[in-house]
Amino acid sequence: MKVLVTGGLGYIGSHTCIALHNAGITPVILDNLSNSSIHVLQQLHKICGQTFSFIEGDIRDQHQLEQIFKQQSFDAVFHFAALKAVGESCQQPRRYYENNVCGTVTLLDAMYNNDVTRIIFSSSATVYGEPQYLPIDEQHPISATNPYGWSKVMVEQILADNCQSDSQQLAISLRYFNPVGAHSSGLLGESPNGIPNNLMPYIAQTAVGKRAKVSVFGDDYDTNDGTGVRDYIHVMDLAEGHVAAFTNHQQDSGFLAYNLGTGQGYSVLEIIAAFSKASRQQIPFQMAPRRQGDIACNYADANLAKAKLGWQTKLTINDMTRDTWRWQQNYPQGL
Ligand code: NAD
Ligand code: UFG
């Protein structure tokens with residue numbers, strides 16, 4: 001089997017290419033390199049012992065997509081390509097909607113014209129907006145708090161409507177909680193541009209000496225230690241969740257949504273402590289005001305994926321911090 005992986009040189013897409021390869025599925029990567037490095041390809045080669053096909057291109061380029069689908073046949077599209085910075089989406093909403101929403105519509109058009117009927121979409125727990133109850137299951141009301149989040153809500157709606165209009169279509173929306181970690185080889189991981197927005201890469205860069213100290217955004221939340229709680233999931237568990245979703249729904253159609261998380265929350269201070277243990281050094285941190293738009297606590301009810309896909313996470317918080325640290329030490333400047 002062969003699948004097109006949009007955004008396949010990015011953080012989650014590249015790790016999913018490894019999981020696809022391990023499952024005997026051939027990924028063909030399409031990426032415009034707007035937030036990734038071409039050097040990811042050589043790392044994939046080192047890990048998998050094989051060169052993956054790569055097409056430099058854009059999901060908004062209908063002409064190019066039509067050519068790709070006419071030249072090769074695909075069993076599905078794994079659709080990771082998107083812009084993902086929440087703060088930036090508030091500054092540049094049109095750019096986010098154009099890339100994430102219009103880009104997906106263009107992709108769906110080209111798929112439809114060429115009889116590619118299955119799409120696995122990178123969604124996010126952000127589509128649940130402010131949690132109304134915990135753990136969050138797939139029935140939780142859908143909302144968003146920023147343009148990035150709304151772009152995910154809109155794409156889910158478009159995918160659902162597309163499936164409604166044509167009984168051949170299958171769309172699986174995977175709602176990720178907080179992806180962290182790196183491949184256990186230490187050859188591949190997350191390398192954010194500039195100052196990291198997310199907790200784990202910020203801690204990793206502090207541990208390696210690139211940042212002076214971690215700011216803990218808020219210590220007065222209604223949680224065990226007052227700091228924010230999230231459901232961190234190892235990127236390789238997440239990658240395997242994609243393969244499970246695809247392989248378990250080969251014969252199905254319609255719109256389906258699954259949470260991909262561990263079901264367990266960790267506070268900011270617990271993550272800092274786990275990283276200190278993995279890196280065998282103190283991580284300097286200071287308490288700071290709450291970050292605007294943050295919620296106190298978020299974790300998944302991941303039982304649906306367990307029941308329907310036979311998938312559950314295997315890797316622990318110690319695996320997540322150990323693998324992040326190995327990658328950060330090997331490639332402190334990224335790829
Ligand atoms: P990433 O930025 O590392 O990867 C996205 C990739 O898509 C990049 O390689 C980028 O160059 C490419 N891309 C962007 N726009 C494109 C376009 N128009 N045409 C072709 N390629 C394009 O991000 P990631 O963390 O790997 O996220 C992958 C997906 O998962 C995204 O859809 C993101 O919204 C979603 N997601 C990520 C997280 C997270 O915390 N990382 C959480 C929930 C959901
Ligand atoms: N945090 C700090 N200091 C930092 C960075 C983060 O204390 O320097 C805290 C946050 O306040 C939060 C926790 O660490 O309590 C996790 O923050 P992240 O930024 O790592 O992750 P978020 O849960 O805020 O956001 C993630 C994704 C978003 C997505 C959202 C909901 O990054 O793209 O989950 O799914 F929208």
Side-chain angles (χ1 to χ4, degrees), residues 5-16 29-38 40 55-61 64-65 78-87 89 95-96 98-100 102-104 106-107 121-129 131 136 144-146 148-149 151-152 155 174-180 189-193 195-203 205-206 211 213-219 221 223 227-233 235 238-239 242 260-261 265-269 271-272 285-298 300:
V5 183
T6 75
L9 292 187
Y11 172 46
I12 302 167
S14 59
H15 289 80
T16 302
I29 297 169
L30 173 75
D31 202 300
N32 69 359
L33 295 167
S34 60
N35 196 37
S36 50
S37 162
I38 192 71
V40 167
I55 303 162
E56 185 172 346
D58 199 295
I59 55 164
R60 294 164 296 176
D61 184 341
Q64 186 182 25
L65 291 176
F78 283 58
H79 180 30
F80 297 91
L83 300 172
K84 63 164 183 177
V86 171
S89 80
R95 181 168 162 243
Y96 270 67
E98 201 260 328
N99 195 78
N100 296 2
C102 301
T104 302
T106 304
L107 175 66
F121 172 61
S122 296
S123 189
S124 165
T126 196
V127 302
Y128 297 121
I136 297 187
T145 54
N146 54 71
Y148 166 73
S151 79
K152 294 293 176 192
V155 169
L174 300 177
R175 297 173 179 161
Y176 313 159
F177 279 68
N178 287 55
V180 296
E190 183 178 17
S191 36
N193 286 329
I195 301 169
N197 291 313
N198 297 118
L199 180 64
M200 189 70 92
Y202 203 103
I203 294 175
Q205 291 194 5
T206 305
R211 311 271 160 215
K213 56 175 77 153
V214 179
S215 294
V216 177
F217 297 145
D219 61 356
Y221 285 112
T223 61
T227 67
V229 167
R230 297 291 184 273
D231 184 339
Y232 297 92
I233 175 171
V235 66
L238 187 66
H242 289 71
L260 296 185
Y266 286 97
S267 74
V268 175
L269 292 180
I271 297 295
I272 292 174
F285 65 89
Q286 64 185 8
M287 295 305 173
R290 290 181 179 196
R291 186 171 64 178
Q292 203 191 349
D294 268 357
I295 52 178
C297 193
N298 195 15

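Counting starts at 1 for both ligands and their atoms, in listed order. Counting from 1, the numbers follow the sequence of the chain as shown.
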If you take the nearest heavy atom of each of Y148, F80, Y11, Y232, which one is closest to atom 36 (N) of ligand 1? Y148
Applying a strict 4.0 Å limit to heavy atoms, is Y266 in contact with ligand 2? no
Heavy atom of S14, distance to ligand 1 below 4.0 Å: no
Where's the contact between T6 and ligand 1, heavy-atom distance under 4.0 Å: side chain, backbone, both or neither? neither
N/O separation below 3.5 Å, A81 to ligand 1: no
Is G103 near ligand 1, meaning one of its heavy atoms is under 4.0 Å from it? no
Does the residue Y221 have a heavy-atom contact with ligand 2, meaning some pair of atoms that are separated by less than 4.0 Å? no
cation_pi(R230, Y266) dist<6.0 Å, angle<=45: no
Say whether G149 and ligand 2 are in contact under the criterion: heavy-atom distance to a ligand atom below 4.0 Å. no
Judged by non-hydrogen atoms, does E190 sit under 4.0 Å from ligand 1? no
Is it the case that the side chain of D31 and the backbone of L9 share a donor-acceptor pair, with hydrogens and angles ignored and the cut-off at 3.5 Å? yes
Under a heavy-atom criterion of less than 4.0 Å, does A125 contact ligand 1? no
Mind checking whether R291 has an N or O less than 3.5 Å away from an N or O of ligand 2? yes
